[in-house]
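Being a predicted model, the structure only gives us computed values, none of them experimental.
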Amino acid sequence: MKVGIMGGTFDPIHMGHLLAAETVKDAYKLDEVWFMPSHIPPHKQAAGASGEQRLDMTRLATEGYQDYSTLDIEVVRGGVSYTIDTIQLLHKEYPNTDFYFIIGADMVNYLPKWERIEELVQQITFIGVGRPGFDLHLDDLPEFLQSRVLLAEMPLVEISSTAIRRRLAGGKSVRFMVPDSVLTYITRSGLYESESR
């Protein structure tokens, strides 16, 4: 089985995340995509919503789709989320599965700095998804990485979790930027009513 892992803070998950997953799934004939909220990503500040809230929103966004699901592995484990640790656990649990790790274009150039990257690329293939304002140049990557990164072009959608949090803090609508179920959850929970980042 071919499974795409889409990691991220998902603070909150939005339509751009879902569109990226669907684009990659279609382009590389993946059987499923598993969304995996990180507990504390190594490269970002702490999230605005708790790990449990981000898991709840991700589950709401993916429910009803047989080929999408949500992994709680990093939030449950706690601490800083390193992909190498997670992938090793997943390989033990799903030994007959080929994993593809889906990342945004902004993360492709950052790959050489990932924890134990030379070991990680022996275990998974990365798929970089084009995003507005980021050019993907695989030639800029170290040679050992170049053959382990695939590219997928998606319709450019100017949606980000940061922009959504700011809009909500400013009392602006985010309808059609996040799934309706996620928006209902955000509203009921009073999430992102103030946003300093």
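- Within the model, atoms OG1 of T125 and CD1 of I102 stand 11.5 Å from one another, a figure rounded to the nearest 0.5 Å.
- Both I127 and L18 are members of a single hydrophobic cluster when ILVMFWY side chains are connected at heavy-atom separations under 4.5 Å.
- One N or O on the side chain of S81 and one on the backbone of H39 form a donor-acceptor pair closer than 3.5 Å.
- In this structure, R167 and Y192 have side chains that are not in contact, with every pair of non-hydrogen atoms separated by 4.5 Å or more.
- Here the straight-line distance linking atom CG of D56 with atom CD1 of I186 works out to 11.5 Å at 0.5 Å rounding.
- Screening K92, R77, R116 against D85 for a salt bridge (Lys or Arg N to Asp or Glu O under 4.0 Å) leaves a single residue, R116.
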Y185 vs V178, side-chain contact (heavy atoms from CB on, under 4.5 Å): CA-CA, chis, key distance, verdict: CA-CA 11 Å; Y185 182 93; V178 298; over 6 Å; no
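- Across every non-hydrogen atom of T86 and M36, the tightest pair is CG2-SD, 3.4 Å.
- Between the side chains of E22 and Y68, a donor-acceptor pair is found at a separation under 3.5 Å.
- The shortest heavy-atom contact between L71 and L55 is O-CD2, 3.7 Å.
- The minimum heavy-atom distance between V121 and F144, with the atom names listed, is CG2-CD1, 3.9 Å.
- For H17 and F35, the ring centers are positioned 6.0 Å apart or more.
- Taking CD from Q123 and CG from L90, the interatomic distance works out to 10.5 Å, rounded to the nearest 0.5 Å.
- The closest donor-acceptor contact from the side chain of R54 to the backbone of A49 lies under 3.5 Å.
- Note on V80 and L120: same hydrophobic cluster, where clusters join Ile, Leu, Val, Met, Phe, Trp and Tyr whose side-chain heavy atoms are under 4.5 Å apart, directly or indirectly.
- At least one donor-acceptor pair under 3.5 Å links the side chain of Q146 to the backbone N or O of L141.
- Taking 4.5 Å as the limit, some side-chain heavy atom of T184 sits within range of a side-chain heavy atom of R188.
- Not one N or O on the side chain of Y82 forms a donor-acceptor pair closer than 3.5 Å with the backbone of W114.
- Two residues are said to be in side-chain contact when any heavy atoms from C-beta on lie closer than 4.5 Å; V108 and L138 meet this criterion.
- Residues L111 and P142 have side chains not in contact (no heavy-atom distance under 4.5 Å, counting atoms from C-beta outward).
- Under a 3.5 Å cut-off, the side chain of R165 and the backbone N or O of D11 do form a donor-acceptor pair.
- In terms of heavy-atom proximity, V24 sits nearest to A152 at CG2-CB, 3.9 Å.
- Within the model, atoms OG1 of T62 and CE of M6 stand 12.0 Å from one another, a figure rounded to the nearest 0.5 Å.
- Going from atom OH of Y100 over to atom CG of L150 covers 7.5 Å, rounded to the nearest 0.5 Å.
- When hydrophobic clusters are built by joining Ile, Leu, Val, Met, Phe, Trp and Tyr residues whose side-chain heavy atoms come closer than 4.5 Å, directly or via intermediates, W34 is not grouped with V75.
- P12 and V182 get closest at one heavy-atom pair: CB-CG1, 4.4 Å.
- Counting non-hydrogen atoms of neighbouring residues, nucleotides and ligands closer than 6.0 angstrom, the CG atom of D140 exceeds 12 such neighbours.
- Of all heavy-atom pairs between P179 and A61, the closest is CG-CB, 3.9 Å.
- At distances below 3.5 Å, not a single donor-acceptor pair connects side-chain atoms of H91 with backbone N or O atoms of Q88.
- At least one donor-acceptor pair closer than 3.5 Å links the side chain of R148 to the backbone N or O of I124.
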side-chain contact (heavy atoms from CB on, under 4.5 Å) between T23 and V129, intermediate numbers included: CA-CA 9 Å; T23 298; V129 182; 5.6 Å; no
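- Using a 4.5 Å cut-off on side-chain heavy atoms (C-beta onward), M57 and L191 make contact.
- Both I5 and I103 belong to a common hydrophobic cluster when Ile, Leu, Val, Met, Phe, Trp and Tyr are linked at side-chain heavy-atom distances under 4.5 angstrom.
- Of the possible donor and acceptor atoms, one in the side chain of D31 sits under 3.5 Å from a partner among the backbone N and O of K2.
- By the criterion of side-chain heavy atoms lying less than 4.5 angstrom apart, applied directly or through intervening Ile, Leu, Val, Met, Phe, Trp or Tyr residues, L183 is not grouped with F176; the two fall into different hydrophobic clusters.
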